[in-house]
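Submitted below is the structure of interest, expressed as structure tokens.
What you see is a predicted model, and the numbers here were worked out from it, not measured in a lab. Because only heavy atoms are used, hydrogens play no part in the values below, and waters and symmetry mates are left out as well, while side chains stay in. In each ligand, atom 1 is the first atom listed, and ligand 1 is the first ligand listed.
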Amino acid sequence: MAPVQKRALITGITGQDGLYLAELLVGKGYQVFGLIRGQNNPKREMVEQLLPAVELLEGDLGDMTSLVEAVNYCQPDEVYNLAAISFVAFSFKQPEHTGNITGLGALRLLDAIRIVDEGKGRIRYYQASTSELFGKVRETPQTELTPFHPRSPYGVAKAYAHHMTVNYRESYNLHASCGILFNHESPRRGHEFVTRKITSAVARIKLGLQDSLSLGNLDSKRDWGFAGDYVRGMWAMLQQDEPDDYVLATGETHSIGEFLDLAFAAVGIEDWKPYVKQDQRFMRPAEVDLLHGDPTKAKKVLGWEPEVSFPQLVEMMVENDLQIESTRIPRQFVPPTSLVR
Ligand code: NAP
Ligand code: G4F
């Protein structure tokens, strides 16, 4: 008898992690469903082209009915909640909206699962928790046991979602796990995040399309890994007999300055200082100064390890942006040969 095809629902399918996770699950033979929001989402076409096997379902983390309908329609074995207002700086501008989507949105999805599953314990749940929970860090490196001290409306909303996931696991015997993921980047990273902002600008500066780059705080440090590695860890969490929470991180930390060093060096510019300006507009009301994760538990229990190094990640992102930006260079007019005398 042919093995039964597993079914997965991914929220946040149009985001960086959603695309990598969908590719991973399709490759493993899953039937994948993706939740897409809005009446005419401009990213629908991109997802359809990249992942023709994925079925897109309309729904929004702010709308309970649409979540119940989506979960009921696809009857998933696994639900990955990757959708969120995920940009920390934006969360200071719209804290209530962030709380509603990033925080309460997780509760709505957990309840949709509870309603559809009717206590059968068939649906497994992954919650996208974050190293932003550690915020003003109490110890370094940070582990699953490090206390939380979030520093932004985003971090606070994610703390609510994290605790609610643990609470549903304990209250309703739900197979629900939280991945406490440290920063992970890729050529698919949104341009609002510092790594992509840098690699895109570096490519444009190299090609003569831009003179300089304006940034905020250059002193903060992050534990940056490759998104493609991190989605393997998400999947591994849901394959365990028991649900639990895991840190996924590289175990290394680097400053924004170090990222700039490597990104500019990748295009042959040794000193980036003449090109980088500091701008108050990109400073945050409260900052997370240092993130440095300890992935020992994930390595031991899940057998998870990142494969892409920090220099490889930076190079991959710069290379991708050079390719994208080089298509924007205005072509010189070349007259047809018949007109050349
Ligand atoms: P991302 O690229 O910003 O993607 C966010 C996704 O959420 C998008 O698909 C977006 O859809 C969707 N979304 C936003 N509001 C929604 C709503 N009201 N209803 C339904 N969908 C909505 O984020 P990511 O980097 O892939 O991260 C995935 C998850 O992991 C997020 O929850 C993030 O907070 C968390 N996380 C990320 C990192 C990291 O370093 N990347 C680290 C730790 C945790 P649209 O395209 O339509 O806007
Ligand atoms: O790239 P960022 O915006 O990422 P941040 O705030 O660390 O959040 C990301 O990682 C979290 C995991 O720890 C996720 F949960 C979250 O969803 C998101 O994916 O900023 C990184 C650092 C910050 O210290 C910021 O102040 O870079 C600093 N920075 C300096 N100048 C800047 C800029 N960040 C941005 N986005 N833009 C700047 O111009």
Exercise. Just heavy atoms, cut-off under 4.0 Å: does Ile101 contact ligand 1 by side chain, backbone, both, or neither?
Worked result: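 Side chain only; the backbone of Ile101 stays clear of ligand 1.
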Exercise. What's the shortest distance from atom 8 (O) of ligand 2 to any protein heavy atom, and which residue and atom give it?
Worked result: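 Nearest neighbour among protein heavy atoms for atom 8 (O) of ligand 2, to 0.1 Å: Val88 CG2, 3.7 Å.
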Problem set entry | Charged N-O contact under 4.0 Å between Asp279 and Arg281 |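 A salt bridge links Asp279 with Arg281.
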Exercise. Got a sec: does the OH of Tyr73 have more than 12 other heavy atoms crowding it under 6.0 Å?
Worked result: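 Not more than 12 within 6.0 Å, no.
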Exercise. In the protein, which heavy atom is nearest to atom 38 (C) of ligand 2, and how far is it?
Worked result: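 Going by distance alone, atom 38 (C) of ligand 2 is nearest to Lys197 NZ, 3.8 Å.
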Exercise. Is Ala84 in polar range of ligand 1, meaning some N or O pair under 3.5 Å apart?
Worked result: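 Yes.
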Problem set entry | Heavy-atom nearest neighbour in the protein, as seen from atom 26 (O) of ligand 2, with distance rounded to 0.1 Å |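 For atom 26 (O) of ligand 2, the nearest protein heavy atom is Glu287 OE2, 2.6 Å.
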Exercise. Which residue and non-hydrogen atom of the protein lie closest to atom 9 (C) of ligand 2, and at what distance in Å?
Worked result: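 Here the nearest protein heavy atom works out to Asn183 ND2, 3.6 Å.
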Exercise. Should one rank Ser66, Ala106, Ser86 by closest heavy-atom distance to atom 3 (O) of ligand 1, which comes out on top?
Worked result: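 Nearest option to atom 3 (O) of ligand 1, by heavy atoms: Ser86.
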Exercise. What is the nearest protein non-hydrogen atom to atom 20 (O) of ligand 2, stated with its residue, atom name and distance?
Worked result: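 Here the nearest protein heavy atom works out to Arg284 NH2, 3.5 Å.
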Problem set entry | Ligand-side contact atoms (ligand 2) for residue partner Leu291, heavy atom cut-off under 4.0 Å |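 Listed by number with element: 13 (O).
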Exercise. Taking N or O atoms only and a 3.5 Å limit, does Ile256 qualify as a polar contact for ligand 2?
Worked result: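 The answer is no, given that Ile256 and ligand 2 share no N or O pair closer than 3.5 Å.
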Problem set entry | ligand 1 contact by Ser129, heavy-atom criterion under 4.0 angstrom |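 Ser129 counts as a contact of ligand 1 under the 4.0 Å cut-off.
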For this session: Give the residue, atom name and distance (to 0.1 Å) of the protein heavy atom nearest atom 24 (O) of ligand 2.
Result: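 Closest protein heavy atom to atom 24 (O) of ligand 2: Ser220 OG, 2.7 Å.
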For this session: May I ask you to check if ligand 1 and Gly18 share an N or O to N or O distance below 3.5 Å?
Result: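 It does not: no N or O of Gly18 is found under 3.5 Å from an N or O of ligand 1.
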Exercise. Which of the atoms of ligand 2 are close to Phe282, meaning less than 4.0 Å from one of its heavy atoms?
Worked result: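 Those qualifying, in numeric order: 39 (O).
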For this session: Using heavy-atom distances, let me know which of Thr14, Leu82, Leu291 sits nearest atom 8 (C) of ligand 1.
Result: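 Ranked by closest heavy atom to atom 8 (C) of ligand 1, first place is Thr14.
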Problem set entry | Under 4.0 Å to a heavy atom of Thr130 - the qualifying atoms of ligand 1, by number |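 That gives atoms 43 (C), 44 (C) of ligand 1.
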For this session: Give the contacting part of Phe87 toward ligand 1: side chain, backbone, both or neither, where contact means a heavy-atom distance below 4.0 Å.
Result: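 Phe87 to ligand 1: no contact under 4.0 Å from either part.
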For this session: For Phe87, counting its heavy atoms only, list the atoms of ligand 2 lying under 4.0 Å from any of them.
Result: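 Once the distances to Phe87 are compared, the set is 3 (O), 36 (N).
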For this session: Report the part of Lys158 in contact with ligand 1, treating N, CA, C, O as backbone and CB onward as side chain, heavy atoms under 4.0 Å; options are side chain, backbone, both, neither.
Result: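 The answer is the side chain of Lys158.
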For this session: Please say whether Asn81 places an N or O atom under 3.5 Å from an N or O atom belonging to ligand 1.
Result: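 No, there is no polar N/O contact under 3.5 Å.
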Exercise. Can a non-hydrogen atom of Arg281 be found less than 4.0 Å from any atom of ligand 2?
Worked result: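 Arg281: no contact with ligand 2 (<4.0 Å).
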Exercise. Ligand 2 and Val194, any nitrogen or oxygen pair closer than 3.5 angstrom?
Worked result: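 Yes, Val194 has an N/O under 3.5 Å of an N/O on ligand 2.
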Exercise. With backbone taken as N, CA, C and O and side chain as the heavy atoms from C-beta onward, which portion of Asn41 lies under 4.0 Å from ligand 1: side chain, backbone, both, or neither?
Worked result: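 Side chain only; the backbone of Asn41 stays clear of ligand 1.
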For this session: Quick one: look at Arg37 and ligand 1, take heavy-atom pairs under 4.0 Å, and tell me if it's side chain, backbone, both or neither.
Result: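 Near ligand 1, Arg37 shows its side chain, while the N, CA, C and O stay back.
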For this session: Pick one of side chain, backbone, both or neither for how Lys43 approaches ligand 1, counting any non-hydrogen atom pair under 4.0 Å.
Result: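 Looking at Lys43 and ligand 1, just side chain atoms fall under 4.0 Å.
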Problem set entry | N/O separation below 3.5 Å, Ser86 to ligand 2 |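 Yes.
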For this session: Name the option, out of Ser131, Ala128, Gly155, that contains the heavy atom nearest to atom 35 (C) of ligand 1.
Result: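 Among Ser131, Ala128, Gly155, the closest heavy atom to atom 35 (C) of ligand 1 belongs to Ala128.
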For this session: Give the numbers and elements of all ligand 2 atoms closer than 4.0 Å to a heavy atom of Thr130.
Result: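 Ligand 2 atoms under the 4.0 Å threshold to Thr130: 11 (C), 12 (C), 13 (O), 14 (C), 15 (F).
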Exercise. Parallel, tilted or perpendicular: which describes the rings of Tyr275 and Phe264, with under 30° parallel and over 60° perpendicular?
Worked result: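 Geometry flag for Phe264 against Tyr275: parallel rings.
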Exercise. Atoms of ligand 2 less than 4.0 Å from Gly216 heavy atoms?
Worked result: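 Close to Gly216: 30 (C), 31 (N), 33 (C), 39 (O).
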Exercise. So which heavy atom in the protein is nearest atom 30 (C) of ligand 2, and how far is it from that ligand atom?
Worked result: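 Of the protein heavy atoms, Asn217 O, 3.1 Å lies nearest.
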Exercise. Would you say Asn183 contacts ligand 1, with heavy atoms under 4.0 Å as the rule?
Worked result: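 Asn183 counts as a contact of ligand 1 under the 4.0 Å cut-off.
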For this session: For atom 19 (O) of ligand 2, find the nearest protein heavy atom and state the residue, atom name and distance (0.1 Å precision).
Result: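 For this ligand atom, the closest protein heavy atom is Arg189 NH2, 2.9 Å.
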Exercise. Could a heavy atom of Arg188 be found less than 4.0 Å from some atom of ligand 1?
Worked result: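 Judged by the 4.0 Å heavy-atom criterion, Arg188 does not count as contacting ligand 1.
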Exercise. Is the closest N or O pair between Glu192 and ligand 1 shorter than 3.5 Å?
Worked result: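 There is no such contact.
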For this session: Would you mind running through ligand 1 and noting each atom that sits below 4.0 Å from a heavy atom of Leu181?
Result: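 In order of number, 42 (C), 43 (C).
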Exercise. What atoms in ligand 2 come closer than 4.0 Å to a heavy atom of Phe193?
Worked result: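 Under 4.0 Å from Phe193, ligand 2 has these atoms: 1 (O), 3 (O), 18 (C), 19 (O), 36 (N).
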Exercise. For atom 6 (C) of ligand 1, which candidate among Ala249, Gly38, Gly12 provides the closest heavy atom?
Worked result: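 Minimum heavy-atom distance to atom 6 (C) of ligand 1 goes to Gly12.
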